[in-house]
Amino acid sequence: MRVNDRVFGMLMLILAVAYGWEATQFPVPFGGHESVGPETFPIMLSIILGISSIYMMVKPDPDEKWAPAAMLVELTIVVLAMLVFAWAIEPIGFMPAAALVVTFLCWRMGASVSKSVITGVISSVAIFFLFNHVLELALPLGLLEF
């Protein structure tokens, strides 16, 4: 896997650079430049991805067996859940979409339904209030808009 890790690391580094550059191209919000604007989190993610990619290229994992098919199915389910979340965030709002996807993923990882629901609701509400009130970055309300 050493060669695979290095090739994957290089592809992820290219993605990190392209993602970071694209984030710097966001238009300046109305009212002037803000310290925390729409480009802040994409740039932070691109930096983390770039550092992780370089680490993967410099220090690849030793050769290991491929994951079993069941793990690939689980990973596919996670990717599909994130795509549904990205689609649902606008029409139904951040809090309901995040609560549903976090609940589903917690349940898939083996938590009970009640604990999954509690985790989903608390985390979506906490993240919503953190973004809206602390960072002053509006997330869509969707169905909760009055």
Side-chain angles (χ1 to χ4, degrees), residues 1-111 116 119-146:
M1 293 287 251
R2 290 182 183 276
V3 173
N4 289 347
D5 281 354
R6 288 188 172 126
V7 169
F8 184 70
M10 179 59 72
L11 292 173
M12 290 298 102
L13 183 60
I14 292 168
L15 177 66
V17 170
Y19 188 67
W21 181 81
E22 189 65 33
T24 63
Q25 304 304 308
F26 288 164
V28 175
F30 181 74
H33 190 70
E34 301 172 353
S35 59
V36 177
E39 74 279 352
T40 304
F41 291 104
I43 289 173
M44 287 175 23
L45 287 175
S46 69
I47 290 170
I48 292 169
L49 180 59
I51 291 169
S52 301
S53 301
I54 291 169
Y55 181 80
M56 184 179 282
M57 289 185 295
V58 171
K59 195 167 184 187
D61 286 339
D63 290 336
E64 304 245 353
K65 288 194 263 183
W66 279 90
M71 178 61 74
L72 296 176
V73 170
E74 289 297 322
L75 290 173
T76 303
I77 290 171
V78 169
V79 168
L80 291 174
M82 296 312 293
L83 289 173
V84 168
F85 171 69
W87 170 81
I89 201 169
E90 226 12 83
I92 70 171
F94 176 81
M95 282 195 288
L100 288 172
V101 77
V102 170
T103 299
F104 174 73
L105 292 175
C106 286
W107 174 73
R108 292 295 298 173
M109 290 191 294
S116 297
T119 302
V121 170
I122 289 174
S123 63
S124 67
V125 170
I127 292 170
F128 180 81
F129 281 106
L130 174 72
F131 272 72
N132 269 19
H133 298 293
V134 176
L135 299 174
E136 296 179 359
L137 296 172
L139 292 174
L141 285 172
L143 298 174
L144 301 177
E145 205 165 350
F146 303 123

Can you list, pair by pair, the side-chain donor-acceptor contacts under 3.5 Å of residues 95-106, counting residues two or more places apart and other chains?
residue : atom : partner : partner atom : Å
T103    : OG1  : A99     : O            : 2.6
T103    : OG1  : S116    : O            : 3.3

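- I77 pairs with exactly one of V73, V79, L75 by the side-chain contact (heavy atoms from CB on, under 4.5 Å) rule, that one being V73.
- Residue pairs meeting the salt bridge (charged side-chain N to carboxylate O under 4.0 Å, His left out) criterion with at least one partner in residues 124-134, sequence neighbours excluded, do not occur; the list is empty.
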Under 3.5 Å donor-acceptor pairs involving side-chain atoms of residues 80-88, not counting sequence neighbours:
none

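- Sorted by first then second residue, the salt bridge (charged side-chain N to carboxylate O under 4.0 Å, His left out) pairs that include residues 90-99, not counting sequence neighbours, number zero.
- Between the CG atom in N132 and the CD1 atom in I127 there is a gap of 12.0 Å [rounded to 0.5 Å].
- E74 meets the salt bridge (charged side-chain N to carboxylate O under 4.0 Å, His left out) test with R108; sequence neighbours excluded.
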Between side-chain atoms of residues 9-16 and protein atoms elsewhere (two or more places apart, or another chain), which donor-acceptor pairs fall under 3.5 Å?
none

Does the pair L45 and Y19 meet the rule for a side-chain contact (heavy atoms from CB on, under 4.5 Å), with working shown?
CA-CA 9 Å; L45 287 175; Y19 188 67; 4.1 Å; yes
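- Legend: ring-ring contact (aromatic ring centres under 6.0 Å, His included) pairs involving residues 123-142, not counting sequence neighbours, sorted by first then second residue: F41-F131, F129-H133.
- For M109, the side chain to side chain contact (heavy atoms under 4.5 Å, CB included) test picks out no residue, with sequence neighbours left out.
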